[in-house]
Protein chains: 2
Amino acid sequence: MSASMESSMFTPHKYFLAHISLDCVVFGFHENQLKVLLAKLKGRDEWGLPGGFVGIQETAEYAASRVLKERTGLDQVFLQQFYVFSDPDRGEQLKEVESLKAISGSAIDIEWFKQRFISIGFYALVEFSQVEPTPDVISDACQWWDLAEVSKLMLDHNLILQKALETLRLQLNYQPIGYNLLPATFTMPELQRLYEAILGKQLDRRNFHRKITGYGILKKLNERRTGVAHKAPDLYSFDLDKYHQALKEGLQGGW
Amino acid sequence: MSASMESSMFTPHKYFLAHISLDCVVFGFHENQLKVLLAKLKGRDEWGLPGGFVGIQETAEYAASRVLKERTGLDQVFLQQFYVFSDPDRGEQLKEVESLKAISGSAIDIEWFKQRFISIGFYALVEFSQVEPTPDVISDACQWWDLAEVSKLMLDHNLILQKALETLRLQLNYQPIGYNLLPATFTMPELQRLYEAILGKQLDRRNFHRKITGYGILKKLNERRTGVAHKAPDLYSFDLDKYHQALKEGLQGGW
DNA sequence: CTACATTGCGTTACACTAACACAATGATAC
DNA sequence: GTATCATTGTGTTAGTGTAACGCAATGTAG
């Protein structure tokens with residue numbers, strides 16, 4: 001829903017494939033917490049995942065990256081589809097006339113939202129500090145939420161979020177998850193907190209250090225993080241070549 | 001495409017969601033080889049995956065199980081969606097008028113096949129001996145293929161098959177793959193051949209035995225397989241409770 | 001009844017994991 | 001300036017799991 005489309009009545013059926021939508025679970029990491037980007041639809045109390053539709057000549061992946069560009073300002077976002085949500089009743093709430101009134105002023109074809117949608121779930125990993133959360137024309141808010149503080153979301157979005165998190169855990173040894181969630185340089189404790197947040201359990205500091213350095217995917221920089229309390233920790237960055245090489249076979253061993 | 005719909009001109013758009021299709025990669029295991037079920041469309045030389053469309057009140061999963069019931073005769077098939085294929089050009093071949101002529105006699109609305117489809121990929125695990133491969137109204141053959149002997153398939157079906165196989169490998173420790181591909185009772189060498197076929201590499205016989213029994217998911221029966229050459233191997237069956245219990249955490253350790 | 005490929009069980013060296021110890025560091029409090 | 005103290009970097013050890021191999025038992029084929 002780019003700016004050029006807002007000038008006249010917007011007719012989604014001319015631009016998007018019917019029945020197909022996508023929802024993005026955008027993960028960030030900040031202050032040792034996993035965050036997720038949520039938006040609030042106009043006229044509704046519940047929050048929901050940023051979503052959109054697939055253009056008639058787009059791949060689903062391209063559509064998702066387009067949506068994320070609009071919501072985050074980011075261009076090259078790490079994206080993975082993880083599940084298709086196709087319960088025929090998953091859109092019931094949305095069809096209620098009441099809940100659509102608020103967006104009718106947006107010059108959006110309400111009929112479009114009444115059809116049945118099968119939604120492709122994507123998860124995205126972004127560097128928290130690079131994101132500028134931006135609402136779209138049918139939302140009046142868009143912001144980060146602490147994963148632990150997310151309550152009832154619209155439609156089946158809690159389910160989608162849960163499934164995304166499960167996928168993230170399972171793919172931790174197969175996808176460059178650390179690389180995409182952390183800034184270019186980071187400390188060992190920060191990397192460990194990220195792993196702990198994703199896995200939902202504590203890890204032994206010393207064993208974590210040995211194991212992660214054993215993969216040979218990190219470069220230790222000749223720098224420390226100063227200005228922070230206590231002993232200054234070493235700074236690291238990922239060795240991208242070796243990281244991707246190692247991920248092909250999967251990082252060995254469980255957490 | 002049940003029998004009742006064949007009596008008059010079949011109008012898919014009244015029964016199925018537009019733009020959405022599904023393709024099933026049906027795996028079987030026979031004579032120590034992984035097999036895949038393929039169908040040949042009328043009037044085309046290439047083979048392809050069994051597929052179908054999603055009814056206007058069906059989940060994608062239900063639609064896939066309906067398709068599989070028709071192709072295999074089986075009712076309760078183990079099914080997992082694994083990827084969505086949404087390249088806007090993935091259906092180009094199919095739109096050629098020539099390739100649609102042959103099925104036009106089937107009283108099927110050719111226009112239906114000219115639209116763009118986003119396809120949901122499912123993989124299915126079935127017990128080879130229980131399957132009765134059955135062509136549908138637009139196919140003139142349906143049969144098992146040895147995985148190694150599959151050549152160029154229609155559309156992007158080679159890609160779908162490859163992605164299914166990758167998924168199968170990654171999920172070997174998280175899904176009841178052995179249980180669904182093997183008959184109720186089996187020998188240790190048979191189970192090992194299955195693992196080897198999926199992983200694409202040889203495993204040490206003795207270490208495999210120790211590891212797989214160590215999970216506690218097998219029940220050793222008081223029976224041996226006789227009539228076959230050489231020493232009679234013990235028969236096993238899965239302990240379903242313990243199998244599912246162990247899969248929740250994932251079978252530990254790599255192959 | 002002998003040969004032999006295959007099965008079942010065992011052994012050993014090595015790598016990895018879990019659990020814990022200890023000294024070094026650097027901002028903070030006084 | 002200096003003592004405090006949470007935190008970091010590195011090390012140790014016992015236990016567990018893995019890889020690579022040995023050997024006797026078995027059941028069909030010849």
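All chains are named by letter (A, B, ...) in the order of the sequence lines, taking the proteins before the strands, and each is independently numbered beginning at 1.
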request  = Mind running a 4.0 Å heavy-atom check of residues 218-230 of chain A against DNA chain D and sending the residues that fall below it, in number order?
outcome  = Lys220(A), His230(A)

ask   = Which of the following nucleotides, dT7(C), dC21(D), dC22(C), is nearest to the side chain of Asp204(B)?
value = dC21(D)

key: Separation of atom CD in Gln202(A) from atom P in dC20(C), rounded to whole Å   = 14 Å

Shortest non-hydrogen contact between Lys219(A) and Phe238(A), atoms and distance = CE-O, 3.8 Å

ask   = Where each residue is assigned the nucleotide of DNA chain D containing its nearest heavy atom, which of Gly254(B) and Ala232(A) is assigned the position nearer the 5′ end?
value = Ala232(A)

query = Within 45° of the six-membered ring axis of Trp47(B) and under 6.0 Å from that ring's centre, is NZ or CZ of Lys152(B) located there?
reply = no

task = Could you tell me whether the side chain of Ile20(A) reaches within less than 4.5 Å of the side chain of Phe117(A), counting heavy atoms only?
result = no

ask   = For the pair made of CD in Gln192(B) and P in dT6(C), what is the distance, rounded to whole Å?
value = 12 Å

Atom-pair distance (CE on Met188(A); C1' on dT8(D)), nearest Å = 11 Å

ask   = In whole angstroms, how far is the C1' atom of dT7(D) from the CG atom of Asp234(A)?
value = 13 Å

request  = Determine: side-chain N/O of Lys231(A) to OP1/OP2 of dA27(C), distance under 4.0 Å, yes or no.
outcome  = no

task = May I have the distance from Lys211(B) (atom NZ) to dA15(C) (atom C1'), rounded to whole angstrom?
result = 14 Å

task = Could you please name the option among dT10(D), dG26(C), dG8(C) that lies closest to any side-chain atom of Arg205(A)?
result = dT10(D)

ask   = Just how far, in rounded Å, is P of dA15(C) from CZ of Arg210(A)?
value = 15 Å

task = Mind calculating the distance between CD1 (Ile212(B)) and C1' (dG17(D)) to the nearest angstrom?
result = 15 Å

query = Considering heavy-atom distances to DNA chain C, does Pro189(B) or Asn207(B) have its closest nucleotide positioned more toward the 5' end?
reply = Pro189(B)

inquiry  = Tell me whether Tyr195(B) at atom OH has more than 12 heavy atoms from other residues, nucleotides or ligands lying less than 6.0 Å away.
reply    = yes

query = Should the pair His244(B) and Tyr179(B) be assigned to parallel (<30°), tilted (30 to 60°) or perpendicular (>60°) ring geometry?
reply = perpendicular

message = In whole Å, I'd like the distance from the CZ atom of Arg206(A) to the C1' atom of dA19(C).
response = 8 Å

request  = Report yes or no: is the cationic atom of Lys211(A) (NZ for Lys, CZ for Arg) under 6.0 Å from the centre of the six-membered ring of Trp255(A), at an angle within 45° of the ring normal?
outcome  = yes

ask   = Between Ser119(A) and Ser21(A), do the side chains contain an N or O donor and an N or O acceptor separated by less than 3.5 Å?
value = yes

